[in-house]
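Quick notes on the structure that follows.
Each ligand, and each atom within it, is numbered from 1 in the order the structure gives. Because only heavy atoms are used, hydrogens play no part in the values below, and waters and symmetry mates are left out as well, while side chains stay in.
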Amino acid sequence: MEVPLLDLKAQYKTIKDEVLAGISEVLDSQVCIGGPKVQELEQKIAAASDCRFGVGVSSGTDAILNCLMSLNIGPGDEVITTPFTFFATVGCIARVGAKPVLVDIDPKTYNIDPEQIETAVTRRTRAIIPVHLFGQMADMDPILGVASRYNLAVIEDAAQSITSTYKGKKAGSLGAAGCFSFFPSKNLGGIGDGGMVVTNDEALYKRLMLMRNHGAEPKYYHKFVGANFRLDPIQAVALLVKLPHLNDWSEARRRNAAYYDKRFAGSVVQTPYISPDCVTIYNQYCIRVPRRDEVIAHLKANKIGCEVYYPVPLHMQECFSYLGCSEGDFPHSEKASDEIMALPIYPELTDEMKNAVADCVLNFLR
Ligand SMILES: *Cc1c(COP(=O)(O)O)cnc(C)c1O
C-alpha cells in the first residue's frame, strides 16, 4: 500500500469550495495586499495563541527576521539557539549580522537543553530563540528564568507548534514574541508562503507592524530601515477556512501517534517522548531506529513516505563554518541527525495506511 509522508490533496478536498469562494471574494475586492482578511486572520491567530496582537508576514522565516530587526538585534550581538532545527532559525540570526551561539538539545525531546543555556550567556547576548520542534514546546520555565536573570528577549520559533501548549500556556504566548509559519506542510498550512508573529507587548507590536512595511510611518516617511514582509489576503482567506479545523486535525494526529506508539511498544523503535507538561500537535512523528538508512530504503522500496529532519545539524553546515564549530561539539544533535526519521502522521491517514506503515517498519527490524 502506498502511503505518502503528507497528502495535502486529501485535506484540500474537504475544504475546496470554501477556499475557492474566499479567493473569489478577494479577487472581486482587488485588495491584493493586507486588508480586512489579513486583519481578521491576525486577530484569530492571536486569540488562538492567547496573545493580544498578531502581525501577518510573508513567511515563518520573515517572522523570525522581523522579530530580530524589531528588537534591534544586529552586529556585535549574540543570540542563543539550537543546532537541531530548520535552517531559518539560525539563518535569520546570521542575516541580521548577529552571532548565532548554539546550545545542544535534550536528546529526549530534541528541544534546546535549558541547563546548558546559562553557560552560553555573555555580555553580548541579547536573545534566546527556543524552537518548539516537531509540535512540542521547549521546556520554557528554565529558559524564561535565564532570560529574566540576564535581561534577554525570548523569541519562540513556534513554526511547527501553533496552538500546542506548555503547562497549559499556548506556543507563542510565553516569550516577547512567537513566530508561526504557514508553509503548506505545517499544521496550519497556506496555499503558498506565509507566517505570523504574535506578541503581548504593544510597543513591540507597533515596531513589527512598521518593520514589515519598510519602517514607513506615515507612508513615504521612514523611521528606520525595514523590509517587505507583508502577507497576502489570498493566503489569509485559505488560512481562515482551515483555522476552525485545526484542533480536530491536531487531535487526529495525536490519535495516529497513539496508534504508532502502541504498535512500536516493546520493539527497538524509540517512539517520541512527550513531556507531561506539554500537549503536542505532532507536526512530525519522529522515531529513532537502528540501521536508520536501511529502514528508510526499505520503506521507500515499499512506497511508504518518510524523511529525515534534520540530516545535518546547523553547526556542521558549510555556511556556518566561520563559527568554528567542529564535529563532536553538540553530540546529542549529531546523534539525533544520525538516528531520527519521520513517519506519515497527517490527519487523513486511514487505519489501513497506519497499519501498513507500522508493519513495514516492524517487518524490517524484526
Ligand atoms: C518552517 C520553519 C521555519 C520557517 O518557515 P518558512 O515559512 O518556511 O519560512 C522556521 N523554523 C522552523 C523550526 C520551521 O520548521
Numbered atoms of ligand 1 (with element) below 4.0 Å of [X], judged on heavy atoms:
{"X": "V131", "result": "13 (C)"}
{"X": "T85", "result": "13 (C)"}
{"X": "S59", "result": "7 (O), 9 (O)"}
{"X": "A88", "result": "4 (C), 10 (C)"}

Less than 4.0 angstrom from a charged side-chain N to a carboxylate O is my criterion; do K37 and E25 meet it? yes
Output yes when E118 and R149 qualify as a salt bridge under the 4.0 Å nitrogen-oxygen rule, no when they do not. yes
[Y] and [X] side chains, donor-acceptor separation under 3.5 Å:
{"X": "R255", "Y": "Y259", "answer": "no"}
{"X": "N200", "Y": "Y205", "answer": "no"}
{"X": "Q136", "Y": "T109", "answer": "no"}

Main-chain N/O of G328 paired with E334 side-chain donor or acceptor, under 3.5 Å: yes
Please state whether the rings of W249 and H245 are parallel, tilted or perpendicular, taking 30° and 60° as the class boundaries. parallel
Geometric class of the F134/Y309 ring pair [parallel <30°, tilted 30-60°, perpendicular >60°]: tilted
Considering only the protein, which heavy-atom contact is closest to atom 9 (O) of ligand 1, and what is its distance? T61 OG1, 2.5 Å
Assess H132 for proximity to ligand 1: is some non-hydrogen atom of it under 4.0 Å away? no
Counting only nitrogen or oxygen atoms and a 3.5 angstrom limit, does G60 reach ligand 1? yes
Below 3.5 Å, N or O to N or O, backbone or side chain included: is there any such pair between Q160 and ligand 1? yes
Measure from [atom] to every heavy atom in [options] and give the option owning the shortest one.
{"atom": "atom 1 (C) of ligand 1", "options": "Q284, M196, K186", "value": "K186"}
{"atom": "atom 11 (N) of ligand 1", "options": "D193, D157, V90", "value": "D157"}
{"atom": "atom 3 (C) of ligand 1", "options": "F86, Y309, F134", "value": "F86"}

So for A159 against ligand 1, with non-hydrogen atoms under 4.0 Å, the contacting part is side chain
